[in-house]
There are 2 protein chains.
Amino acid sequence: MDLLTYFKLITTISAEAENGIVTGFKQQQHPRKHHLCKQGQVVNQLYYIQSGLVRMYYINKQGKDVTYGFYTEQQFVTVPDSFFGHSASRYYLELLEDCALYAVSYQEMTRLREKHSELQLIENHVLRELLLKVSDRIVALQFLSAEERYIKLEESQPSILQRAPLGAIASYLGITQETLSRIRARRLS
Amino acid sequence: MDLLTYFKLITTISAEAENGIVTGFKQQQHPRKHHLCKQGQVVNQLYYIQSGLVRMYYINKQGKDVTYGFYTEQQFVTVPDSFFGHSASRYYLELLEDCALYAVSYQEMTRLREKHSELQLIENHVLRELLLKVSDRIVALQFLSAEERYIKLEESQPSILQRAPLGAIASYLGITQETLSRIRARRLS
DNA sequence: CAGTTCTTTTGACATAGATCAAAAAGCACC
DNA sequence: GGTGCTTTTTGATCTATGTCAAAAGAACTG
């Protein structure tokens with residue numbers, strides 16, 4: 001879905017704000033495997049995903065790649081602490097599919113937000129969505145078994161199971177590839 | 001710390017905004033064990049904790065009480081999805097100590113936000129803090145062992161270990177009381 | 001399409017942490 | 001200061017999930 005169309009679902013947008021959005025958000029295309037950001041960089045862009053799939057991950061102390069989250073069509077993605085705090089990112093942002101994105105820089109977003117109250121609203125909306133998404137994860141990780149977490153993902157974002165590689169899904173669920181593979185086998189029978 | 005003092009650490013506050021804050025945020029005192037919210041209610045207030053300790057928890061499918069988070073001095077607490085979305089809360093908010101709070105209603109917060117750009121900034125700041133806090137939890141729950149999670153809590157919020165009961169801490173860490181007790185014993189020797 | 005490499009599955013074994021049960025230690029209230 | 005609660009600790013198993021290793025399957029590449 002187009003960025004403006006999406007915004008209009010959240011709130012009504014004045015003509016001036018629409019103008020600001022169209023110039024402030026830059027359309028981009030990137031191929032599969034492209035990195036929007038690597039560990040150590042400051043992420044200065046907030047991305048809206050028109051189409052495609054993005055994975056956020058980090059490398060833990062044992063050198064293992066751990067998926068923090070998946071982001072798809074009609075979602076925003078960035079590394080919040082880096083974007084808002086201008087700090088080095090602990091995370092990588094990697095495209096798992098070719099993506100059509102809209103990107104806005106922090107400076108531009110600040111300008112838009114100050115000029116158009118709609119953008120303020122939208123930013124809050126985005127933050128709340130991110131917060132909600134993350135809250136659900138905690139509940140899952142805290143007290144569901146590996147299999148229950150898998151089922152939960154299956155219900156909430158079924159397409160991920162098809163679209164992302166096994167290893168990425170496993171670390172997202174907080175389990176090993178092997179265990180995920182076994183869960184899958186068990187569920188088929 | 002006083003609410004205004006805290007706000008002034010985030011941004012400069014105009015005289016009018018100061019006025020709005022002072023009238024909009026109501027000071028409250030509540031005793032230990034009081035509930036600010038129970039499961040099923042809509043949480044219409046955002047709380048700033050001047051002193052005391054608040055626990056957010058829910059009852060899971062097996063009927064067990066699971067701590068979602070602890071909130072202390074100089075933090076904001078509410079149930080974000082309920083407060084922002086006017087939906088029924090899945091969580092309880094319980095005071096683990098006598099608390100001095102400032103409370104602002106959703107409507108009042110909206111009014112303040114629209115009138116004073118500072119409040120907008122502060123709200124975003126609060127959301128970002130909540131998001132950061134929660135992000136760290138995910139990283140911990142995803143790939144740290146029970147003992148590592150304990151150590152992490154010890155480092156980031158040492159006072160919780162003294163102030164909250166064992167069972168509440170255990171479920172926060174995603175483990176049983178018994179395991180937590182054993183971890184403690186192990187670390188003392 | 002044969003060879004190389006990456007991904008997923010399967011198997012055997014090890015272990016962190018759960019569960020159940022009971023003892024011990026803290027607290028509160030007559 | 002004893003009697004009854006609640007909270008914490010300790011002990012003995014049990015189980016889900018991890019680890020290591022190897023096989024099977026897909027997916028690129030020249």
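This is a predicted model, so every value here is computed, not measured. Sequence lines set the chain letters: A, B, ... in the order given, protein chains first and strands last, and positions in each chain run from 1.
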Enquirer: What integer distance in Å separates B:Glu178:CD from D:dC14:C1'?
Expert: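 Whole-Å distance recorded here is 14 Å.
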Enquirer: Where the side chain of B:Lys64 is concerned, which of D:dT19, C:dT9, C:dT19 is the nearest nucleotide?
Expert: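 That would be C:dT19.
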Enquirer: Would you kindly give the CD1-to-C1' distance between B:Ile175 and D:dT9, to the nearest whole Å?
Expert: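 These atoms are roughly 14 Å apart.
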Enquirer: If you check the A:Thr176 side chain, which of C:dT19, D:dG18, C:dT10 turns out closest?
Expert: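 Of all the options, the side chain of A:Thr176 is nearest to D:dG18.
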Enquirer: Could you give the OH-to-P distance, from B:Tyr150 to D:dT8, as a whole number of Å?
Expert: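 Between P of D:dT8 and OH of B:Tyr150: 12 Å.
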Enquirer: Taking 4.0 angstrom as the limit, do B:Glu147 and B:Arg186 come out as a salt bridge?
Expert: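 Counted as a salt bridge, because a side-chain N and a carboxylate O are separated by less than 4.0 Å.
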Enquirer: Measure the distance from CG on A:Leu166 to P on C:dC6 and round it to the nearest whole Å.
Expert: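 These atoms are roughly 17 Å apart.
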Enquirer: B:Arg137: which residues meet the salt bridge (Lys or Arg N to Asp or Glu O under 4.0 Å) condition with it, sequence neighbours left out?
Expert: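 In terms of salt bridge (Lys or Arg N to Asp or Glu O under 4.0 Å), with neighbours along the sequence ignored, B:Arg137 is linked to no residue.
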Enquirer: Do B:Leu153 and B:Leu173 come within less than 4.5 Å of each other through their side chains, counting heavy atoms only?
Expert: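 The answer is yes; the side chains approach within 4.5 Å.
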Enquirer: How many Å lie between CD1 on B:Ile169 and P on D:dT7, as a whole number?
Expert: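 Roughly 13 Å, once rounded to whole Å.
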Enquirer: Do the side chain of A:Arg182 and the base of D:dT19 come within less than 3.5 angstrom through a donor-acceptor pair of N or O atoms?
Expert: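 Such a pair exists between side chain and base.
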Enquirer: Please state how far atom CZ in A:Arg187 lies from atom C1' in C:dT9, giving the value in whole angstrom units.
Expert: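 Atom CZ in A:Arg187 sits about 18 Å away from atom C1' in C:dT9.
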Enquirer: Measure from NZ or CZ of A:Lys133 to the centre of the six-membered ring of A:Tyr71 and say whether it is under 6.0 Å with the direction within 45° of the ring axis.
Expert: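 A:Lys133 over A:Tyr71 ring: yes.
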Enquirer: Closest nucleotide of DNA chain D for B:Ala164 versus for A:Thr179: which of these residues is on the 5' side?
Expert: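 Nearest nucleotide further toward 5': that of B:Ala164.
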Enquirer: B:Gln177 CD to C:dT19 P: how many Å, rounded?
Expert: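 Those two atoms, CD and P, are 12 Å apart.
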Enquirer: Once you round it to whole Å, what is the distance between P of D:dT17 and CD of A:Glu147?
Expert: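 Whole-Å distance recorded here is 8 Å.
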